[in-house]
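The block underneath contains the structure these notes are about, expressed in structure tokens.
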Protein chains: 2
Amino acid sequence: MASHIEWELYRSFLAVLTEGSLSAAARALGIAQPTVGRHVAALERALGMPLFTRSQTGLSPLESASSLRPLAEAMRSAAAALERAAASQGAGVRGVVRVTASEVIGVEVLPPIIAGLREAHRDLRIELVLSNRMQDLLQREADIAVRMVRPDQKALIARRIGRIEVGLHARRQYLERHGTPESAADLEAHTLIGFDQPSAFVRAAARSISLQREAFALRADSDLAQLALIRCGAGVGFCQVPIARREGLVRVLARRFRLSLDTWIVMHEDLRNSARCRVTFDALAEGLRAHLAQVASG
Amino acid sequence: MASHIEWELYRSFLAVLTEGSLSAAARALGIAQPTVGRHVAALERALGMPLFTRSQTGLSPLESASSLRPLAEAMRSAAAALERAAASQGAGVRGVVRVTASEVIGVEVLPPIIAGLREAHRDLRIELVLSNRMQDLLQREADIAVRMVRPDQKALIARRIGRIEVGLHARRQYLERHGTPESAADLEAHTLIGFDQPSAFVRAAARSISLQREAFALRADSDLAQLALIRCGAGVGFCQVPIARREGLVRVLARRFRLSLDTWIVMHEDLRNSARCRVTFDALAEGLRAHLAQVASG
DNA sequence: GCGAAGCCATGCAGAACTGTATAGCGGATC
DNA sequence: GATCCGCTATACAGTTCTGCATGGCTTCGC
């Protein structure tokens, strides 16, 4: 037997959850505030439990509502993906593709690739979602992901790009002023740029190269901020070798500090027959390969 | 900006897709046929493309509709999971838990475990989904899965049960009549029971023990059918050792033919705080462990 | 301490949607 | 070849739902 809870109620429910009030949710959905209120009331009646505590400042979710949130978000993601898929039907490469990548890749590497892609396909739209968390694809938050770990889910199509090397770099002017470190011990005299709150990957990496959080004189969680600091000569820090080459940064202690990120492009297999996704997938693969190849020739 | 396609339309769309006609979809949804027709028309208008070709025998989906189906199903799964989660809110162990497992496990092993669980928690409802495909959990088609492969997805909570051994077995009466094979070559004189269309696992297993499809005199894709054939003395076939012990089946060529299935119980991490899922998870783990331990003592 | 802004709840008129009934068509069955 | 069954499409009446306007409340800023 099919349940008789209207899906429309879930949408209002989620909007209230994210916006924090009936009025704000109504604005976001483009409907009237009393309507949202009635939807929430109807959902509470249908589920047989209260979901929010009303107040004059808005609605605050009860635990019950919070626990339902991930599922409502899954519905929204699927609905959004469905619209993207529908908008791209028909012949030719057209419609919207959502691409997710890390901040560094998304800012430093992807833009020229995407620009070229757009040049070839004028009806293609790209949405770039930069995030370091990577639980996106199966939730349909994005169509294609550039990831630094081998994907292990069966339902995904993956193509390996190769290993992006990461090393310690500094600006030439900085090294001319402070000298070039020749050993790990020399680093103590330098301004080290590193993480503040380490992510899982960074923790593992830091262990493998034996650098502790305390070693860093300049700390920033944002990889982009770290890169900007290195680039303007603030000190010595980690960045991807291909980017460093392009920027004319000088690598130091290459033998001692060497990490590499296995890079993959991943797509949900449901999108295999989507022209826009295939084209984007291939363009990203080719562009990233060229980006990596730059190291060998540069 | 939020899209303004009503989620309710997707539900009617999916019902038409699965039922094959407006009338049948209307019956399944408990609404009137013209309403479903209007929903589909509204969705086609909203998406700007036709989705079905109308005929007097029903609606047949166009390619565009078929390609959107997985996403609509994702929405339905999430909606169903949301209702399950909501129904189980509150103190105590209550509500519905959907458990998925292979056919053999679901029929031969789980029933007594579930019966005991129900004895302890009268307000608990269990839905058993038997299927050999295992892409269920992340799509929220089930809450808990019993699987034969190590789960590799981060968002899942997994507990390893152990290895279930699989071996060649026959009924005692069969062996008394046809003799007990002492070598792999002896098997040629026996009625071998095996697969028809091999699944991925079976292919790998068959390779490892060097048995080809042609070797089987009785073929059935259903593991349950194979088990039933062995059980009634029709021939020699593969089945799980703990089940064979319980049934009094005799293992043959134990040294030569030996496989084992690594067994896991898996749950989405979102359900960690759900009492009903935790209890079911633990009961399944304990029951399956006991089932395996039977081998040692039996 | 006072006004402005934001919020929720309610009454009411209008719009939108739903359900019932029916006509028309095609395929299956005897 | 006639009948029955199931399907879609349309007309129409009723109900439901939505949006607007308003009242009452709290919080924030001056």
Side-chain angles (χ1 to χ4, degrees), chain A residues 1-66 69 72 75 79, chain B residues 1-66 69 72 75 79:
Chain A
M1 187 195 93
S3 149
H4 53 284
I5 299 183
E6 294 178 29
W7 286 8
E8 206 56 23
L9 303 186
Y10 295 133
R11 185 152 73 149
S12 293
F13 165 70
L14 183 57
V16 173
L17 219 40
T18 56
E19 301 291 335
S21 77
L22 296 182
S23 307
R27 280 193 297 272
L29 293 174
I31 58 181
Q33 164 256 318
T35 301
V36 180
R38 285 186 281 252
H39 283 179
V40 171
L43 185 60
E44 288 178 325
R45 205 171 336 116
L47 296 179
M49 68 176 72
L51 293 169
F52 298 91
T53 53
R54 272 78 169 171
S55 78
Q56 310 293 358
T57 69
L59 275 68
S60 53
L62 295 170
E63 194 188 338
S64 55
S66 305
R69 178 170 189 161
M75 288 188 75
Chain B
M1 187 195 98
S3 148
H4 53 286
I5 298 182
E6 295 179 26
W7 287 7
E8 205 56 23
L9 303 185
Y10 295 133
R11 185 152 75 147
S12 294
F13 165 70
L14 182 58
V16 173
L17 220 41
T18 57
E19 302 291 334
S21 78
L22 296 182
S23 306
R27 281 193 297 272
L29 293 174
I31 59 180
Q33 165 256 319
T35 302
V36 179
R38 285 186 283 252
H39 282 179
V40 171
L43 185 59
E44 287 178 325
R45 205 173 335 119
L47 295 179
M49 69 175 72
L51 294 169
F52 298 92
T53 52
R54 271 78 168 170
S55 78
Q56 310 294 356
T57 69
L59 276 69
S60 54
L62 294 170
E63 194 189 336
S64 54
S66 304
R69 179 171 186 159
M75 288 188 75

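Every chain is numbered from 1 and lettered A, B, ... according to where its sequence line falls, protein lines coming before strand lines.
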Partners passing side-chain hydrogen bond (donor to acceptor under 3.5 Å, both in side chains) against A:Thr57 (at least two apart in sequence or in another chain): A:Ser55
Outermost DNA chain C nucleotides near chain A [under 4.0 Å, heavy atoms]: C:dC7 to C:dT10
Results of side-chain hydrogen bond (donor to acceptor under 3.5 Å, both in side chains) for A:Ser60 - residues two or more places apart only: A:Thr53
For B:Ser66, side-chain hydrogen bond (donor to acceptor under 3.5 Å, both in side chains) partners two or more places apart: none
Euclidean distance, atom CD1 of residue A:Ile31 to atom C1' of D:dC20 [Å, nearest integer]: 14 Å
B:Gln56: side-chain hydrogen bond (donor to acceptor under 3.5 Å, both in side chains) partners, not counting sequence neighbours: none
Distance-only criterion, 3.5 Å: show the donor-acceptor pairs between side-chain atoms of residues 23-43 of chain B and protein atoms not counting sequence neighbours.
unit_1: B:His39; atom_1: ND1; unit_2: B:Ser12; atom_2: OG; d: 2.6

Terminal axis angle for the helix from C:dG1-D:dC30 to C:dC30-D:dG1, five pairs an end, nearest 10 degrees: 40°
Residues touching DNA chain D, which here means a heavy atom under 4.0 Å, drawn from residues 12-22 of chain B: B:Ser21, B:Leu22
Residues within residues 33-55 of chain B bordering DNA chain D, heavy-atom distance below 4.0 Å: B:Gln33, B:Pro34, B:Arg54, B:Ser55
Shorter than 3.5 Å, N or O on both sides, protein versus nucleotides 25-27 of chain D: list them out with atom names.
none

For residues 44-51 of chain A, tabulate all N or O donor-acceptor pairs below 3.5 Å that involve a side-chain atom, not counting sequence neighbours.
unit_1: A:Glu44; atom_1: OE1; unit_2: A:Arg54; atom_2: NH1; d: 3.1
unit_1: A:Glu44; atom_1: OE1; unit_2: A:Arg54; atom_2: NH2; d: 3.1
unit_1: A:Glu44; atom_1: OE2; unit_2: A:Leu51; atom_2: N; d: 2.8
unit_1: A:Glu44; atom_1: OE2; unit_2: A:Phe52; atom_2: N; d: 3.3
unit_1: A:Glu44; atom_1: OE2; unit_2: A:Arg54; atom_2: NH1; d: 3.0

Heavy-atom pair with the smallest gap, counting every atom of A:Ala72 and B:Trp7: O-CH2, 4.3 Å
CZ-CE distance between A:Phe13 and A:Met75, expressed to the nearest 0.5 angstrom: 11.5 Å
Nearest-0.5 Å distance that lies between atom CD in B:Glu8 and atom CZ in A:Arg11: 10.5 Å
